Amino acid sequence: MSRQPLRRWMLAGALAGALGLSCTEPEEPFPNLDELELLQSLHSPTRNPPKDATNKYGDSEVAAALGHRLFDDPGLSRCGTISCKSCHDGEGRTVDTPVAEGCDGKRTGRNPPSILNAGYSTWFMWDGLADRLWNQALLPLLSPIEMNSSADILRARLSEAYAEDYRGLFGKLPSEEESDEQLLANFGKVIAAYERTVNRTDAPFDQDVIRFLSAVEAGTAEKDPAYLGLKTFVRKGQCAACHKGPMLSDDQFHNIGVKDQSDSQRGVMAAADTLLTWTFNSAGPYSDAAVGSVESGRLQRLSSDVKQKGAELEGAYKTPTLRNVALTAPYMHTGELRTLEDVIDLYDKGGEPVGNYAGMVSITIKPLELTDEEKKALVKLLESMTGAPR
Ligand code: HEC
Ligand code: HEC
């Protein structure tokens, strides 16, 4: 794209500075070159999630069909009443309460995220406890609070209702699978194959960004209806410092000062050790990627980040995607914020007062002094991120 108009603006700014006009200098035109780059990163993602080399069944339609049936099956839980769908249902593929109920009325510690577009994610769970979609599926299956299941229950249910489907994919009956761990990994991989098909991308937001970028080029950015929303998102609100790229997430962990006095308030700092030593992680024996491949690079990075960044990752959670966020209230890992307006108010005040959460907030989280107009424009922008159903 031509950057002519921007260069002109920059030249004008430099001239104004040279002429000593800086005290009355108007605000730098939006976007500047760095901001333009951020805006260009916000394009819609590929139609389907990128291939996952650790799951060779990830793009199999047969696996996805079996995965869909398993996702909906309460017979996999110990109590017989809870399926994955129990907590990931409806348009938003989540629940509309702060936490959800698993077996025997037990309550989850955190807000269930949506499974929409989960195939595009690289970390799973709010604290990054899983690093692949397929290994994530084992956590709720085995959690005493969620499905409270076991390899034995899984084997029995697969034998009872899915024996031939299982053999079709894995070459043997569930009863012939010698290792419990292999059985569990196979379960995770077919569930993931299904989840990878549950996507809503292509949102009005994507059209707005494309149009806005042409307006920038034509020198008419300020007249564009998305101007105030995008400017606040990228400049004054600093939202795009973390919510960037096609999925509106940097795939990193940050502490934004969400009130949390629970046992699990340390976020990724507590989860990283468990993941790094987990048999089912992406570098372990159940990964389908070649040993020593780039797949293990992310885990090594996490390991060194935890050591080096220390305090910065204390109480830090994954930057969630903002795609479809209007469908997934309530918000944050605690599910404490009811509406998008509440979310904007939290950012506007720079997070909760110190003492309400572990660690310290990230440097980009500080009081924003947003006007009512800017807050409204941000909410409208977030609402425009709802993708088309497929
Ligand atoms: C009782 C409710 C409940 C059940 C049942 C349940 N989940 Fe969840 N799910 C949650 C909660 C709560 C979280 C967030 C947990 C956390 O971060 O600590 C979650 C997180 C996830 C995530 C991570 C999303 C992300 O963006 O990080 C995926 C994927 C997911 N669940 C899929 C499943 C699958 C597959 C099953 C069935 C095998 C399942 N869930 C069963 C409540 C549930
Ligand atoms: C420092 C990185 C960072 C910045 C800057 C940031 N966010 Fe976030 N955002 C996060 C993280 C991390 C979470 C999850 C925090 C948690 O649950 O503890 C989050 C959560 C959210 C959620 C809730 C999503 C859900 O599914 O519950 C929304 C909405 C949101 N951010 C919008 C914004 C907006 C709008 C701005 C700018 C005003 C912004 N964010 C700035 C990192 C950031």
Side-chain angles (χ1 to χ4, degrees), residues 67 70-71 73-74 76-77 82-88 92-95 99-103 106-119 121 123-130 133-134 136-143 145-149 187-188 191-192 194-195 198 232-234 236-243 248-250 252-260 264-265 267 271 315-322 324-326 328-337 340 342-344 346-348 351 357 361-366 368 370 374-375 378-379 381-382 385:
L70 294 173
F71 191 92
D73 183 1
L76 292 163
S77 66
I82 301 291
S83 68
C84 308
K85 192 178 171 193
S86 306
C87 302
H88 298 283
R93 292 308 210 119
T94 173
V95 294
V99 297
E101 252 181 43
C103 275
K106 294 206 170 114
R107 299 178 146 264
T108 60
R110 296 193 182 130
N111 180 244
S114 175
I115 61 148
L116 288 170
N117 301 336
S121 251
W123 300 111
F124 303 89
M125 310 302 248
W126 286 101
D127 55 8
L129 192 57
L133 197 49
W134 63 267
Q136 187 285 331
L138 305 185
L139 299 171
L141 181 78
L142 302 175
S143 160
I145 292 168
E146 297 177 39
M147 297 168 76
N148 196 18
S149 196
F187 163 80
I191 289 271
Y194 164 61
E195 290 176 306
V198 187
T232 314
F233 190 76
V234 172
K236 194 168 173 186
Q238 294 284 315
C239 314
C242 303
H243 297 284
L248 301 159
S249 165
D250 58 0
Q252 305 281 325
F253 300 87
H254 305 277
N255 188 331
I256 62 160
V258 172
K259 190 166 163 187
D260 185 351
S264 58
Q265 58 167 327
Y317 293 84
K318 178 179 83 165
T319 307
T321 176
L322 296 181
N324 305 304
V325 73
T328 66
Y331 301 110
M332 304 301 173
H333 72 275
T334 54
E336 195 188 65
L337 302 183
L340 291 171
D342 294 342
V343 171
I344 302 302
L346 180 75
Y347 282 113
D348 190 43
Y357 50 84
V361 296
S362 154
I363 50 162
T364 38
I365 302 297
K366 48 186 180 210
L368 299 173
L370 298 174
E374 287 165 337
K375 288 184 185 178
L378 272 183
V379 170
L381 189 80
L382 292 170
M385 293 170 181

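Small disclaimer: the values here were computed from a predicted structure and weren't measured. One-based numbering, in listed order, for ligands and for the atoms of each.
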Test side chain to side chain contact (heavy atoms under 4.5 Å, CB included) on Asn111 and Val99 and set out the steps.
CA-CA 5 Å; Asn111 180 244; Val99 297; 5.7 Å; no
Would you say Pro330 and ligand 2 have an N/O pair spaced under 3.5 Å apart?
no
Sub-4.0 Å atoms of ligand 1 with respect to non-hydrogen atoms of Ile82:
5 (C)
In terms of residue, atom name and distance, what is the protein heavy atom nearest to atom 12 (C) of ligand 2?
Tyr317 O, 3.3 Å
What atoms of ligand 1 come closer than 4.0 angstrom to any heavy atom of Ile191?
35 (C)
Using the ring of each side chain (for Trp, its six-membered ring), is His88 parallel, tilted or perpendicular to Phe71, with breaks at 30° and 60°?
tilted
Which of the atoms in ligand 2, numbered in the order shown and given with their element, are less than 4.0 Å from a heavy-atom of Val343?
28 (C), 29 (C), 30 (C)
Is Tyr347 close enough to atom 8 (Fe) of ligand 2 to have an N, O or S atom under 2.8 Å?
yes
Does a side-chain heavy-atom distance below 4.5 Å link Phe253 with Lys318?
yes
Please state whether Leu70 comes within less than 4.0 angstrom of ligand 1, counting heavy atoms only.
no
Does ligand 1 have an atom under 4.0 Å from some heavy atom of Lys85?
no
Within this structure, what is the CG-CD distance for the pair Leu141 and Gln136, rounded to the nearest 0.5 Å?
10.5 Å
Atom pair CG (Leu337) and OH (Tyr347), whose distance is rounded to the nearest 0.5 Å
9.5 Å
Which residue holds the protein heavy atom closest to atom 11 (C) of ligand 1, what is that atom called, and what is the gap in Å?
Pro112 CA, 3.5 Å
Would you say Lys106 contacts ligand 1, with heavy atoms under 4.0 Å as the rule?
no
Rounded distance [0.5 Å steps], CG in Asp73 versus NZ in Lys85
11.5 Å
Could you give me the CA-CA distance, side-chain angles and deciding distance for Ile256 and Met332, then say whether side chain to side chain contact (heavy atoms under 4.5 Å, CB included) is met?
CA-CA 10 Å; Ile256 62 160; Met332 304 301 173; 3.8 Å; yes
Using a 4.0 Å cut-off to any heavy atom of Ala137, which atoms of ligand 1 qualify?
38 (C)
Shortest protein heavy-atom distance from atom 27 (O) of ligand 2, along with the residue and atom involved:
Met332 N, 2.8 Å
Check step by step if side chain to side chain contact (heavy atoms under 4.5 Å, CB included) holds for Leu382 and Ile344.
CA-CA 10 Å; Leu382 292 170; Ile344 302 302; 4.0 Å; yes
Does only the side chain of Trp126 get under 4.0 Å from ligand 2, or the backbone, or both, or neither? Count heavy atoms.
side chain
Tell me which protein heavy atom sits closest to atom 38 (C) of ligand 1, plus the residue, atom name and distance to 0.1 Å.
Cys84 SG, 2.6 Å
Of the listed options (Arg107, Glu101, Met125), which comes nearest to atom 23 (C) of ligand 1 when hydrogens are ignored and any heavy atom counts?
Met125
Roughly how far, to the nearest 0.5 Å, is CG of Asp127 from CH2 of Trp123?
11.5 Å
To check you understand the geometry: which heavy-atom pair defines the closest contact between Cys103 and Ser77, and what is its length?
SG-CB, 3.9 Å
Going by the 4.0 angstrom heavy-atom rule, the piece of Asp260 near ligand 2 is neither
Please classify the Leu133 to ligand 1 contact at 4.0 Å (heavy-atom distances, strictly less than): side chain, backbone, both or neither.
side chain
Output the list of atoms in ligand 1 that are nearer than 4.0 Å to some heavy atom of Phe124, sorted by atom number.
27 (O)
Nearest heavy atom to atom 18 (O) of ligand 1 wins, so pick from Glu195, Glu146, Arg110.
Arg110
For the pair Glu146 and Cys87, evaluate side chain to side chain contact (heavy atoms under 4.5 Å, CB included) and give the outcome as yes or no after the intermediate values.
CA-CA 9 Å; Glu146 297 177 39; Cys87 302; over 6 Å; no
Short list, please: which atoms of ligand 1 are under 4.0 Å from a heavy atom of Thr108?
1 (C), 2 (C), 12 (C)
Residue Gly102 vicinity, atoms of ligand 1 by number, heavy atom under 4.0 Å
1 (C)
So, taking the atom named CZ in Phe233 and the one named NE2 in His243, what distance separates them when rounded to the nearest 0.5 Å?
6.5 Å
Measure the distances from the heavy atoms of Asp348 to every atom of ligand 2 and state whether one is below 4.0 angstrom.
no
Distance, nearest 0.5 Å, that separates OG1 of Thr328 from CG of Leu322
9.0 Å
Should we count NZ of Lys259 as having more than 12 external heavy atoms under 6.0 Å?
no
So, regarding His254 and ligand 2 (criterion: nitrogen or oxygen to nitrogen or oxygen, under 3.5 Å), is there a contact or not?
no
Looking only at protein heavy atoms, identify the closest one to atom 4 (C) of ligand 1 and say how far it is in Å.
Cys87 SG, 3.3 Å
Name the one of Thr334, Asn255, Val258 that satisfies side-chain contact (heavy atoms from CB on, under 4.5 Å) with Tyr357?
Asn255
With a heavy-atom distance limit of 4.0 Å, tell me whether Ser86 approaches ligand 1 through its side chain, its backbone, both, or neither.
neither
To which protein heavy atom is atom 14 (C) of ligand 2 closest, and what is the distance rounded to 0.1 Å?
Pro320 CD, 3.6 Å
Out of Ile82, Leu70, Ile191, which one pairs with Leu76 under the side-chain contact (heavy atoms from CB on, under 4.5 Å) rule?
Leu70
For Ser83, is the nearest heavy atom under 4.0 Å from an atom of ligand 1?
yes
Among all the protein's non-hydrogen atoms, which is closest to atom 5 (C) of ligand 2, and how far away is it?
Gln238 O, 3.3 Å
Starting from atom 13 (C) of ligand 1, find the nearest protein heavy-atom neighbour and note its residue, name and distance.
Pro113 CD, 3.3 Å
Protein contact of atom 9 (N) of ligand 1 - nearest heavy atom, named by residue and atom, plus distance:
His88 NE2, 3.0 Å
Restricting to non-hydrogen atoms, name the atom on Asp260 and the atom on Gln265 that form the minimum distance, rounded to 0.1 Å.
O-OE1, 3.0 Å
Atom 2 (C) of ligand 2 sits nearest the protein heavy atom Cys242 SG, 1.9 Å
Could an N or O of ligand 2 be found under 3.5 Å from any N or O of His333, whether backbone or side chain?
yes
Region of Asn255 engaging ligand 2 - heavy atom pairs below 4.0 Å
neither
If you measure from each heavy atom of Lys318 to ligand 1, is any distance below 4.0 Å?
yes
min-distance protein heavy atom vs atom 41 (C) of ligand 1 -> Pro140 CB, 3.3 Å
Specify side chain, backbone, both or neither for Cys239, according to which of its non-hydrogen atoms lie closer than 4.0 Å to ligand 2.
both
When distances are taken from atom 25 (C) of ligand 2, the protein heavy atom at minimum range is Tyr331 CD2, 3.7 Å
With a heavy-atom distance limit of 4.0 Å, tell me whether Gln136 approaches ligand 1 through its side chain, its backbone, both, or neither.
side chain
